[in-house]
Amino acid sequence: MLIKRGIAVSPGVAIGPSVVLGAEVFKIPDQFVPVDAIETELARLRRAIDAVGVDLEENEHVAADRFGTQYGAIFSAHRQLLADPNLVGEIETLIRTKSYAPEHAVRKVIRRYAELLQGIGKPLLAERSNDLLDLEKHLLSRLLGEPRGEVASLVAPAIVVAHNLTPSETASLDRRHVHAFVTETGGRTSHTSILAGALEIPALVGVGRFLDGLGGGETVIVDGDQGVIIIAPDDGTLARYRERLAEQHTLAVRREAFADVVPQTADGERIRVLGNIEFPDEVDHCVERGADGVGLYRTEFLYLGREVEPTEDDHVAAYRRVIAACGSKPVTIRTLDLGADKMPHTLLGAEQADETHSALGLRSIRLSLVDQSLFKTQLRAILRASVEGDVRIMFPLISTLAEIRQAKFVLKEVQEDLEEDGVAFRRDIPVGMMVEVPSAALLAEEFAQVVDFFSIGTNDLIQYTLAVDRAETLVAPLYNSGDPSVLRLIRRVIRAGRKAGIPVTVCGQMSSDPKYLPVLIGLGLKQVSVTPQAIPQVKDTIGRLDRPTAAAIARHVMQLEVASDIDSYLMGRLAVLRGEAE
């Protein structure tokens, strides 16, 4: 049994035979063409470019229809690459001046561009190189007459494992047959990762090298909740995951019934279950599953893959879409939570673009406070949209009181500007903060005096508390939601919120994991914000709990000293709640 960890980009569990997708190799028969055939070859190149343009436009429409317009925009970006006169001009120049065959010229130019992006050392640009390689495959396929669609041709249930999947290949996955996918490369913000979430199938990326020993057909488990792939699992592991898979299927069947269920404990304590969304169209999944609103509306999608800053109207349109779908239910909009390493260089100053940025560097609220023009554009848009529903503003990665005060001061300036311009906005809009770093948790009582609500982002809180980069597979076993230090910080924040009379939500991945719900509720938490897929399961777990039992579980957990002991205990308690314990 081989266990590998990666970056979880879409939750859920899948079990099935592996299908190994190797790198698509195109054999170029000739590197050069006769001089008298150059014009003919240039014409063949242009026909291929036109045909690929048609393919990409079709992909754009299909993705937009299946997932939403912002997903279609991924292929619009590919069409823009194809229309780049510099790129096409270089290919044509190699054909004219060096008598290169079109296939050879395409590969040489595009690979050079891709290598340049990969060598810059910026993760966002490295991920964009995959888009170029996807374009290369399209062009070579057309030029050589070789059909693409290795992934689309699958007709039996499978777990797709590959070195990488291009956005086109990911968009073509058929959920009837592809139950999950895992790639050796890739990052959280790649287009492939974004599409995985839209497909709602378990997916991991960035696992590292693991394909060498696979021949295809091996039983594979993909755990998109914990970020784990298990190859050739032993009988005990397979049995445990089959139970989880059966439960997952049961919940899927019961999803419609849960849409009308009001989440409350067995003894009548109302627990609000809100949804986390990445893109506007995901709000429909939250509404269909009976969420109490949107507890975390991430806005990074407005910036990813763009070379031009989104306009104020771009922001407003995206926010209005979600607010309208939620009606009178709350929508909490988090301001930009990207690092400078993920921002297109054209949106950054020269000094910022040249720096090497990390999880401890210029990101989230720090970036917003440095680039206040970008920050004010987003705040103006949120305020303009606030008149159309129950909107709240949330600032990410607050680590000092000075930061939250400065952010609120900038917000006040924007409100005054809108007032002068005669633009309507909600003057009493609630303002909250993410609690994601230990300093914020330790000063929770002080922060509670200057904000209207807390939202605990456990993903980053775990990372910063335990000094474990959650994207680093070599130390991934140290990253644990149940670590006693993390639970004590969460308890501290909940107590501070209760003392000040402000709401506290947990919105990280921890809240979507049912085994942690009893301890969170036992600590006094009254609302969670979870992935849309997790809403039915979370509602079900809440309904099986009562307050005294949850409080007893929390008291016991807070006495334990080792994360593994806490996880084992909580798994046992969850089995009892579900009636699965012997």
Side-chain angles (χ1 to χ4, degrees), residues 69-70 73 277-281 283 293-338 340 343-344 346-349 352 362-398 401-434 450-453 455 502:
T69 54
Q70 52 277 2
I277 64 172
E278 299 268 358
F279 298 97
D281 290 336
V283 70
V294 171
L296 174 59
Y297 183 3
R298 300 179 175 98
T299 57
E300 293 72 52
F301 76 93
L302 287 161
Y303 299 85
L304 294 176
R306 300 181 63 137
E307 295 300 323
V308 178
E309 182 179 343
T311 66
E312 186 178 318
D313 286 342
D314 290 335
H315 283 273
V316 172
Y319 304 153
R320 282 176 174 163
R321 164 75 173 89
V322 174
I323 295 165
C326 285
S328 61
K329 294 178 179 178
V331 175
T332 300
I333 301 174
R334 185 180 69 184
T335 59
L336 179 64
D337 187 21
L338 281 180
M343 290 288 286
T346 52
L347 303 187
L348 296 171
Q352 298 167 8
L362 188 66
R363 57 166 293 205
S364 303
I365 195 64
R366 299 168 183 174
L367 180 61
S368 294
L369 292 175
V370 167
D371 190 343
Q372 291 195 15
S373 174
L374 177 146
F375 192 29
K376 287 182 176 181
T377 295
Q378 182 170 29
L379 292 177
R380 281 179 62 92
I382 296 172
L383 288 169
R384 282 175 55 192
S386 68
V387 297
E388 302 186 22
D390 184 359
V391 177
R392 295 102 188 268
I393 293 177
M394 182 161 65
F395 298 126
L397 206 74
I398 296 292
L401 286 160
E403 281 178 334
I404 189 63
R405 287 171 178 149
Q406 187 180 358
K408 291 183 69 176
F409 180 78
V410 175
L411 176 61
K412 183 67 174 176
E413 286 184 325
V414 172
Q415 290 174 322
E416 291 172 354
D417 290 342
L418 288 174
E419 195 149 22
E420 286 181 10
D421 295 340
V423 177
F425 65 92
R426 181 181 172 185
R427 287 165 173 76
D428 63 344
I429 187 168
V431 177
M433 61 177 273
M434 296 283 290
V450 294
V451 296
D452 298 309
F453 62 90
S455 190
I502 65 171

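Residue indices begin at 1 and follow the sequence shown. The model shown is predicted, which means the values in this text are computed figures rather than measured ones. Because only heavy atoms are used, hydrogens play no part in the values below, and waters and symmetry mates are left out as well, while side chains stay in.
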If you look at every heavy atom in [X] and [Y], which pair is closest and at what distance?
X: L302; Y: P310; result: O-CG, 3.4 Å
X: D390; Y: S328; result: CB-O, 3.9 Å
X: A325; Y: V283; result: CB-CG1, 3.6 Å
X: V451; Y: G432; result: CB-CA, 4.2 Å

Checking the side chain of [X] only, and the main-chain atoms of [Y] only, is there a donor and an acceptor separated by less than 3.5 Å?
X: D421; Y: L418; result: no
X: E403; Y: I398; result: no
X: S455; Y: M434; result: no

From [X] atom [atom1] to [Y] atom [atom2], the distance as rounded to the nearest 0.5 Å:
X: F425; Y: E419; atom1: CZ; atom2: CD; result: 5.0 Å
X: E300; Y: F279; atom1: CD; atom2: CZ; result: 9.5 Å
X: L367; Y: L338; atom1: CG; atom2: CG; result: 8.0 Å
X: I393; Y: I333; atom1: CD1; atom2: CD1; result: 7.5 Å
X: F375; Y: L369; atom1: CZ; atom2: CG; result: 5.5 Å
X: Q378; Y: L336; atom1: CD; atom2: CG; result: 6.0 Å

Flag side-chain contact, heavy atom, 4.5 Å: [X] against [Y]:
X: T332; Y: R334; value: no
X: V423; Y: L383; value: no
X: D281; Y: R321; value: yes
X: V431; Y: F395; value: yes
X: P396; Y: T335; value: yes
X: T377; Y: L374; value: no
X: M433; Y: I365; value: no

Checklist entry - Who pairs with P430 by side-chain contact (heavy atoms from CB on, under 4.5 Å), at least two apart in sequence or on another chain? => result R392, R426, D452, F453
According to side chain to side chain donor-acceptor pair (under 3.5 Å), who are the partners of [X], at least two apart in sequence or on a separate chain?
X: Q372; value: none
X: E388; value: R320
X: R384; value: E312, D313

Item to check | Pairing of D337 and R363 as salt bridge, 4.0 angstrom limit | outcome: yes
Checklist entry - By salt bridge (Lys or Arg N to Asp or Glu O under 4.0 Å), which residues pair with E413, not counting sequence neighbours? => result K376
Checklist entry - With sequence neighbours left out, what residues match Y319 under ring pair (Phe, Tyr, Trp, His ring centres under 6.0 Å)? => result Y297, H315
